[in-house]
Amino acid sequence: MNIGIKLRQLRTSKGLSRGDIEKRTGLLRCYLSRVENGHTVPNLETLEKLAGAHEVALYQLFFEGEGKPQGAPQKAPAPLDPEARSLVATLTALDKRDRKFVLAMVRKVAKDRRAAKRSS
């Protein structure tokens with residue numbers, strides 16, 4: 001299976017240009033061309049970006065059958081905006097202990113905001 005061919009088929013079937021995918025992923029059009037033409041094989045992180053940009057679940061880049069494979073996710077995740085991608089990149093650069101700390105703080109802020117909205 002050539003992942004590049006699958007990506008091109010998805011992109012063209014949705015009426016998207018490489019420029020559209022570039023805007024959604026931050027990946028250069030020349031890189032996307034190399035992937036679609038089979039000259040480059042993207043890593044898993046890049047495949048996740050590409051799946052999100054095409055609005056499909058990651059497994060759909062590899063699955064060629066009809067319907068869904070057993071245990072497949074029910075719906076594709078929404079593509080991340082540039083701010084969210086930046087946040088994810090920043091969090092993944094932290095060690096496990098710091099990530100847990102940041103996550104606990106974010107949960108507390110979200111909980112406090114929800115409580116404030118309910119009381120107003």
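Numbers for residues simply follow the sequence, beginning at 1.
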Nearest-0.5 Å distance, OH of residue Y31 to OG1 of residue T25
9.5 Å
Close side-chain approach of L32 and L7, heavy atoms under 4.5 Å:
no
Interatomic distance, NZ@K49 vs CZ@R24, rounded to 0.5 Å, equals 15.0 Å
Should V41 and L44 be regarded as members of a common hydrophobic cluster, given that ILVMFWY residues are connected when their side-chain heavy atoms come within less than 4.5 Å of each other, either directly or indirectly?
no
Taking the side chain as C-beta and beyond, is there a heavy-atom pair between P82 and R85 under 4.5 Å?
yes
I want to check something: taking the side chain as every heavy atom from C-beta on, are N37 and R8 in contact at a cut-off of under 4.5 Å?
yes
Side chain to side chain contact (heavy atoms under 4.5 Å, CB included) assessment of L27 paired with E22
CA-CA 5 Å; L27 300 169; E22 178 181 38; 6.0 Å; no
Check the pair L58 / L50 against side chain to side chain contact (heavy atoms under 4.5 Å, CB included), numbers first and verdict last.
CA-CA 8 Å; L58 182 60; L50 291 167; over 6 Å; no
Which value, rounded to the nearest 0.5 Å, describes the distance between I5 atom CD1 and L10 atom CG?
12.5 Å
Point-to-point distance, once rounded to the nearest 0.5 Å, from CG of L47 to NE2 of H54:
11.0 Å
Do K108 and K111 have side-chain heavy atoms sitting under 4.5 Å apart?
no
Check N2 against G38 and note the closest heavy-atom contact, atom names and distance.
ND2-CA, 4.2 Å
Heavy-atom donor-acceptor pair, E36 side chain to S33 backbone, under 3.5 Å:
no
State whether the side chain of T46 and the backbone N or O of P42 hold a donor-acceptor pair below 3.5 Å, judged by distance alone.
no
Counting only N and O atoms by type, is there a donor-acceptor contact under 3.5 Å from the side chain of R29 to the main-chain atoms of R18?
no
Distance-minimising heavy-atom pair for R11 and I21
CD-CG1, 3.8 Å
Shortest non-hydrogen separation from G15 to D20 and the atoms involved:
O-OD2, 4.3 Å
L103 CG to M105 CE distance, which is reported to the nearest 0.5 Å:
11.0 Å
What's the spacing between E55 CD and K14 NZ if we round to 0.5 Å?
5.5 Å
